[in-house]
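Bear in mind the structure is a predicted one, so any value in this text is a computation, not a measurement. Every chain is numbered from 1, with letters handed out A, B, ... down the list of sequences.
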Number of protein chains: 2
Amino acid sequence: MTPETTRRTVLRGTAAAAALAAAAAARATEAQAAQPGARELEIGILLYDGFSLLDPTGPAEVLSRLPGANVTMIAERRGQVRTDTGSVAVTADRSIAEVGRLDVLLVPGGGNRGTVGAMENQALLRWIRDIHRHTTWTTSVCTGALVLAAAGLLDGRQATTYWASADYLQSEFDVVYRPQRYVRSGKIITAAGVSAGLDMALYLASLIAGEPTAKAVQLAVEYDPQPPFHAGNAADADPQLKAFALRLLAESQV
Amino acid sequence: MTPETTRRTVLRGTAAAAALAAAAAARATEAQAAQPGARELEIGILLYDGFSLLDPTGPAEVLSRLPGANVTMIAERRGQVRTDTGSVAVTADRSIAEVGRLDVLLVPGGGNRGTVGAMENQALLRWIRDIHRHTTWTTSVCTGALVLAAAGLLDGRQATTYWASADYLQSEFDVVYRPQRYVRSGKIITAAGVSAGLDMALYLASLIAGEPTAKAVQLAVEYDPQPPFHAGNAADADPQLKAFALRLLAESQV
């Protein structure tokens, strides 16, 4: 076996992976042949200037592994969209004008500037309302719940959001905040802050494709979390740590 | 209070957030005034065609919250770099030719095609070796460990990688695989698959900025993981689930 051959199969050693890849390719071809009109699962993730990087990318990593899933990054205009820190840009491959239907919509959160910008962008809110009418699932991560609320989609519902935005969500909108990793209310699923999008996406994956597939996706992304500290739950955090966390956020944002 | 005023402070309600933001701004100004030559912490994340989305974006979310941290996405050439699924592009803001020094280097993993491409790209491997000479920390996520190994950086070391690449890592290189979320060997830290980059980044944050800051970052990104299933550990997975996970990966990649 030449070095080139072994290098082509870095997953599962050598022969096993080659066999696996061949089998997968054969299955994919069969599936296409058997269902020439089989519809893809259209998953759209809305980006806006000042979004938080992990909010859309965590769920995209998970959901893009579902059979037949097609994940598309969408924004008001095509092109690069910068995060709240200004240091990373993700490409929106479609503008909202180009997307009229989605099976799944995900609205990420952002820093204060980005979230407020999205909440006050009437074109964006109108598009969210239009898309929501025909989705199977409408979802948010972090302060994305505030954007859904500003679009009027959370009226009279239970929802979760970023821990530091819970008071705002409840005081400004007709929403009952639930301090959970994700909350389902009808076809709307909201996730808590930033990293909670991963947990929500796995739950969503089970709703879309069933529990065995969701578990396989979890193994595919090796999501067996073992953070070195246990400081991520705001309910257990003292006021100093909360203030420190918000200061780090404020100072890292542009 | 007008709606505009309340909307400007969606974190921590209203007055508290405004006061916080003002205090943070004042502190930032003071810090700049006090240390006009204070060096930023330069964190570079290498992208290559076919990388896995969460590998660089999870750690970028965490590390970009560190005081003075400057996270830059880097690739062989500036511009859009597509993931293994082809569905998302992240912008490389700098080319490798433009980056001669980094405090922290992170090499993400990718699908089979992307990983092999990086392992066989001599310009990339040369750059990794050059940068590594002066880093404080050189790190990888998932099959990024194979790229570090191909660059010769893991010789004689312990390391971790994606569960399905462990055999390959051990058989092709002089490396002892350790089935941990992250493994430190000198100034090199390798993480297990995809989502393990989050755990590794928090550990790295504590090494860089101390445990209190790392904990504040953990709270800032609300990293209190509660996956709906417990299927992410390959050591506990049966052969069927492993095969299913690898099939989903193979079929989702382009």
Counting distance only, does the side-chain N/O of [X] pair as donor-acceptor with the main-chain N or O of [Y] below 3.5 Å?
| X | Y | value |
| --- | --- | --- |
| Gln226(B) | Arg181(A) | no |
| Ser195(B) | Val221(A) | yes |
| Trp163(A) | Ala220(B) | no |
| Asp93(A) | Val88(B) | no |
| Ser165(A) | Val10(B) | yes |

Considering all heavy atoms of both residues, which atom of [X] and which atom of [Y] are nearest to each other, and what is their separation?
| X | Y | result |
| --- | --- | --- |
| Leu198(A) | Leu198(B) | CD1-CD1, 3.7 Å |
| Ala245(A) | Ala216(B) | CB-O, 3.4 Å |
| Ser64(A) | Ser87(B) | CB-OG, 4.5 Å |
| Leu54(B) | Leu54(A) | CD1-CD1, 3.4 Å |
| Glu222(A) | Tyr162(B) | OE1-CD1, 3.4 Å |
| Leu248(B) | Thr213(A) | CD1-O, 3.9 Å |

Checklist entry - Given that the side chain runs from C-beta out, which part of Thr83(A) has a heavy atom under 4.5 Å from chain B: side chain, backbone, both or neither? => result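 Answer is neither: Thr83(A) stays 4.5 Å or more from chain B.
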
Item to check | Segment of Leu146(A) engaging chain B (4.5 angstrom heavy-atom cut-off) | outcome: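 For Leu146(A), the side chain is the part near chain B, not the backbone.
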
Checklist entry - What part of Thr143(B) gets closer than 4.5 Å to chain A, counting heavy atoms only: side chain, backbone, both or neither? => result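 Just its side chain gets close to chain A.
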
Checklist entry - Using non-hydrogen atoms only, which part of Arg82(B) is less than 4.5 Å away from chain A: side chain, backbone, both, or neither? => result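 Side chain of Arg82(B) only, per the 4.5 Å heavy-atom cut-off to chain A.
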
Show me the donor-acceptor pairs within less than 3.5 Å that the side chains of residues 230-240 of chain B make with the rest of the protein, sequence neighbours left out.
from, atom 1, to, atom 2, distance (Å)
Asn233(B), OD1, Ala235(B), N, 2.9
Asn233(B), ND2, Asp224(A), OD2, 3.3
Asp238(B), OD1, Gln240(B), N, 3.2
Asp238(B), OD1, Leu241(B), N, 2.8

Item to check | Pairs of heavy atoms under 4.5 Å with chain A: top-ranked of Leu53(B), Asp84(B), Asp55(B) | outcome: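 Between Leu53(B), Asp84(B), Asp55(B), the count favours Leu53(B).
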
Checklist entry - Looking at CZ of Phe229(A) and CG of Leu219(B), how far apart are the two atoms once the value is rounded to the nearest 0.5 Å? => result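 Result: 13.5 Å between the selected atoms.
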
Checklist entry - When you look at CZ of Arg78(B), are more than 12 heavy atoms from neighbouring residues, nucleotides or ligands closer to it than 6.0 Å? => result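 Enclosed.
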
Between [options], which has the largest tally of heavy atom pairs under 4.5 Å with chain B?
| options | answer |
| --- | --- |
| Leu66(A), Leu202(A), Leu249(A) | Leu249(A) |
| Val90(A), Thr115(A), Thr57(A), Val217(A) | Thr57(A) |
| Ser252(A), Pro227(A), Ala166(A) | Pro227(A) |

Checklist entry - Taking it one step at a time, do Thr85(B) and Arg65(A) satisfy side-chain contact (heavy atoms from CB on, under 4.5 Å)? => result CA-CA 8 Å; Thr85(B) 66; Arg65(A) 305 305 175 184; 3.4 Å; yes

Checklist entry - Does a side-chain heavy-atom distance below 4.5 Å link Tyr182(B) with Pro228(A)? => result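 SC-SC contact between Tyr182(B) and Pro228(A) confirmed.
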
